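Encoded as structure tokens, the structure appears first; notes follow it.
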Amino acid sequence: MKHLALLVRTVAAWLVTLLLVFPLIWLVLTAFKTELQAIAVPPQLFFTPTLESFREVNLRSDYLHHAANSVITSFVSTLLGLAIAAPAAYSMAFFRTRRTRDILMWMLSTKMMPAVGALVPVYVMAQTAGLLDSRTALIVVFTLSNLPIMVWMLYSGFKDIPPDILEAARMDGASIWGEFTQVIRPLAMGTLASTGLLCLVLAWNEAFWSLNLSSAKAGTLAALIASYSSPEGLFWAKLSAASLMAIAPIVVVGWFSQKQLVQGLTFGAVK
Amino acid sequence: MSFLELRGVEKHFGSLKAIKGIDLAVEKGEFVVFVGPSGCGKSTLLRMIAGLTEIDRGVLFLDGRDITRLASSKRDLAMVFQSYALYPHMSVADNMSFALRLANVDKTTIREKVRRAAEILNLTQYLERTPKELSGGQRQRVAIGRAIVRAPKVFLFDEPLSNLDAALRGQTRVEIAKLHRELGATTIYVTHDQVEAMTLADRVVVLRDGSIEQVGSPLELYDHPANQFVAQFIGTPQMNIVDSTALPALRDAAGVTGPADGFIGVRPESVLVRPAGRGRLAGRVELVESLGADTLIYANVSAGPASERPVQIVARQNERTDLQPGDAVGLDIVPASFHLFDRQGQLVSGSARG
């Protein structure tokens, strides 16, 4: 009986996993097909892999240029976001007022509006400032749109640090900067890392603003992928190859920081 | 000017005045204890001296310098927290040397100071451990060690013993007293425990509702309480306080002369238990607490046959007793041992004993 239950659970787990991973697997497979193989019916599971699509993507568009845009916009916006969110979370976690809760809710509520609702004003502002199709505009927008999440995550992480410890550091002669680097940073490393990583991923995957505010010059990898769903029809193989190249770097980053991420998300739960 | 001086210090929380104009001078090397019931503002006052809570009005001087608006980190004070507040990610040695490292003291000096503090506090073998691996008493000692390696101008203790069990509390109290004698450092110590206040302090500051009720040496407070609150707060069991109209016989028994209206206070050890029929007051035993060295006898004394509500009076004696609840006894009051308070609870001058 026990055996059977375990078996059912194992099978179910595998099914769910397959369901979740299938699109990714299909993406990887399609990337190594020719365009003909990609649209073949029935779909081919076994075929001779080819790098043709990758070659064509690289010929037709400048992968490295887009990749550089993605790296710069996501990393800079994440670092900028952390620099703004950390002091905000610090003051909310350790110097609570009657309005702290309201401010946090208000920040979160900005995420409830569909981004397209802010498209026209943001577009006009970018245009007026002469920042259309610039990395600066993307960095500013990515930073701002990730700030509420960053503040929330850091706030909940910082809240777990007993305020006495910071007061002790203050009595020991630590400045605010010292308090942050010597006490909060080591104690909230998991939170800081997972917040940074999450926002890095969010900025990397951001498509709406990069499609609308950038094109050739500042276009990120998201814009590169989108360019393969052209009016002449979908090029599945090339689209997949481009997608694979777009997600590869962030997958690698995520892989290496998985431990930090898990630790950060479960921080406070295990003490 | 005194070493540490508070002048008209106030703290407001919204419309509530938590600290109401405190004036206090602390001399160099003195051990001052703030004591009072919970909510009296003693911890707030300590935090204001530490700079962790802002001073809304008044001035604070340390060593001739106005530090009212100075950041905690620049005040050169060390604090031992109730929760110990050790840095959980640092070893014991790093915890103790944190302040010195921040001040860029050179490494050999730091090592020497930490070694000496660890020796004094019996922590030498724990220097490489983290706070998590220590017992409550050891953590407490690390917190004290963190304060003493710095040799600050003033030590601040915020109820440092309240997280320890009774046996350890007594032991640590003795150690803190010893430490103060050895280091001679100016110390301000907050507690709600009047025994800690009496045993540790050079001077006790009794606080209530954000105001100072009385300042004095422990025995001054015990022998000459300025008002009914201090009289009852200091000493266990509490001083007997009887409405003078409720028990006219007590006035005669205590030998009170002068204005009648008010309260009469008598310490339990000044109440003498006599066999039934003797003594100037007649009562009935309510409860006997035999503590070994001490015996406490709670007796109900009636003002007269007509009076319905008897007055409870506690007597404390060193001799043991065979008395049982319900036994009739007589009571006498040691001559001139009474404290006379007016209706507002203030001491009526000239009525103190001695």
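Bear in mind that the values here come from a model prediction, so they are computed numbers and not experimental data. Just so it is clear: chains get the letters A, B, ... in the order the sequence lines come, proteins before strands, and each one is counted from 1.
Side chains of B:Gln82 and B:Ser162: a donor-acceptor N/O pair is present below 3.5 angstrom, by distance only. A side-chain donor-acceptor contact under 3.5 Å links B:Tyr87 and A:Asp172. Residues B:Glu27 and B:Ser2 bring a donor and an acceptor atom of their side chains to less than 3.5 Å of each other.
For the set B:Arg150, B:Met79, B:Met90, the count of heavy-atom pairs under 4.5 angstrom toward chain A peaks at B:Arg150. Of the listed residues B:Ala78, B:Ala71, B:Ala147, B:Ala85, the one with more heavy-atom pairs under 4.5 angstrom with chain A than any other is B:Ala85.
Looking at A:Gln182, the atoms closer than 4.5 Å to chain B (heavy atoms on both sides) sit in the backbone and in the side chain alike. Both the backbone and the side chain of B:Ala50 come within less than 4.5 Å of a heavy atom in chain A. Using a 4.5 Å cut-off between heavy atoms, B:Arg47 contacts chain A through its side chain alone, with no backbone atom that close. In this structure, chain A has a heavy atom under 4.5 Å from the backbone of B:Leu86, while its side chain stays farther away. Contact of B:Leu77 with chain A is made through backbone and side chain together, with heavy-atom distances under 4.5 Å.
Within 6.0 Å of atom CZ in B:Arg69, more than 12 heavy atoms from other residues, nucleotides or ligands are found, so the atom counts as buried in its surroundings. Heavy atoms of other residues, nucleotides or ligands lying less than 6.0 angstrom from CZ of A:Arg96 number more than 12.
Salt bridge present: B:Lys17 and B:Glu10 bring a charged side-chain N and a carboxylate O closer than 4.0 Å.
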